2 protein chains.
Amino acid sequence: MRPPKVEDQALLDGLMAVLRAKGYEGSSLNELAGSSGLQKASLYHRFPGGKKEITLAVLHYVHEWIRKYIYERLTDQSLSPAERLGDVIQSIHSLYQGGEKSCILKALSMDSSVELFREEIKESMQRWIDGFTALGVDYGFTRDAAQEKAFQVLIAIQGSLIVSKGLGSTAPFVAAVEAIEKMYREV
Amino acid sequence: MRPPKVEDQALLDGLMAVLRAKGYEGSSLNELAGSSGLQKASLYHRFPGGKKEITLAVLHYVHEWIRKYIYERLTDQSLSPAERLGDVIQSIHSLYQGGEKSCILKALSMDSSVELFREEIKESMQRWIDGFTALGVDYGFTRDAAQEKAFQVLIAIQGSLIVSKGLGSTAPFVAAVEAIEKMYREV
DNA sequence: GATTAATAACCGTACGTTCGGTAAAATATA
DNA sequence: TATATTTTACCGAACGTACGGTTATTAATC
């Protein structure tokens, strides 16, 4: 009996979970297989390029997620800036499970793996920054001020996730997200 | 001819360089040996507990560094708060080579390795925060406000290092450090 | 019936770790 | 002071295991 096909989304979700938690070098094919619901050999059927192609596929999936749930929502002219920000804050909360999960862009930013995925990581970060820059402009800031705020947002998310992980408490992440809301709303 | 003893500091510097760049899982004993100037077997003479003991030794070394160059300088009552901040900013710049090097606390904060080193990572981060909290108090902030600023400093450093790595530019780190200086001085 | 998707079994390599042994330095003995 | 002993520091080679990756085969789908 051949099991039914494992669908792309479930597959990528499982693969991403391992990569974000263990990084590129730390993720073994056995773990990737176990978490994706496929056997090792089946992963090679789906991704003939092996671990690197798996990681690129996950990064593409993440990039699309950011485009859809961060960038497009932040630039949706049918909503007010405040509504957009609220939506996106919610998306960010669920993406990182309130500060308990790591960011895959960080996990793949080790010196040893960043060389392999430099472009993909850069594009995803840039899209994130572009979205928040657009939001800032719609809030009435100059383009420069808006971009500076956008960098602060990305830095605060990434930094607070690390501090949360290091201190073993989600409080820094939660506080950082609240500070981001204030940063835009109190103007 | 037996080679001369590799001194502790050189040894730990070499080991740290690998661990901060590649993380725990990503650092092989061969690389650690190569970077430290010892053979693999000699590393086991120095650190009978293997890779884990090596990493703990490096974390202890880092903790002492933070105590000496961050905490003690930030609490040195013989200098003005502004002088202390300037000193420590310089230390931070050299620690991360202006944004080009990663933070070992981040590198060991992967889900897979954080379990092994939770206490050591936490202590180092806490010492960092305590130092900047003391500085904020001496700048005239309330204890709560000072602690909030201290968290912001640590988060900004960690976050900006990731964004710098991801975007392939040290500009975010440099800007974040400047923003930290402003945060204290413009009050 | 051809193609697609899955698997079990397997491969060579690199991993972390251990072992046996040697050279230098330090200490004790004469 | 000269010799014997112990300790320290290093290394080459090998261990069993787990790695990333491959092949041959089977079963469901188009």
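Throughout, a chain's letter reflects where its sequence line sits, starting with A, and its residues are numbered from 1. A quick note: this is a predicted structure, and the numbers were derived from the prediction, not measured.
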Integer-rounded Å distance: C:dT4 P and A:Leu38 CG | 17 Å
Check B:Tyr69 against B:Ser91 and note the closest heavy-atom contact, atom names and distance.
-> O-OG, 3.7 Å
Rounded to the nearest Å, what distance is computed from the CD atom of residue A:Gln39 to the C1' atom of nucleotide C:dT7?
-> 7 Å
Between CD of A:Glu53 and P of D:dG21 the distance, given in whole Å, is 11 Å
Mutual orientation of the aromatic rings belonging to B:Tyr24 and B:Phe117 [parallel < 30°, tilted 30-60°, perpendicular > 60°] | perpendicular
Protein-nucleotide distance (B:Leu43, atom CG; D:dC10, atom P), rounded to Å = 9 Å
Between B:Ser42 and D:dA9, is there a side-chain N or O to OP1/OP2 distance below 4.0 Å?
-> no
Given D:dC10, C:dA6, D:dC11, the nucleotide with the shortest approach to the side chain of A:His45 | C:dA6
Salt-bridge criterion met for B:Arg185 and B:Glu181 (N-O under 4.0 Å) | yes
Backbone of A:Ala33 reached by a side-chain donor or acceptor of A:Ser36 within 3.5 Å | yes
Between A:Tyr184 and A:Phe141, what is the ring plane arrangement, given parallel below 30°, perpendicular above 60°, and tilted in between?
-> perpendicular
A:Arg46 side chain N/O closer than 4.0 Å to the phosphate oxygens (OP1, OP2) of C:dT4?
-> no
Per-nt protein contacts along nucleotides 13-21 of chain C (heavy atom under 4.0 Å; B base, S backbone sugar-phosphate only, - none) come out as --SBBBB--
B:Leu11 CG to D:dA9 P, straight-line distance once rounded to whole Å = 11 Å
Just by modelled atom types, is the B:Gly166 backbone N or O under 3.5 Å from a matching donor or acceptor in the A:Arg118 side chain?
-> no
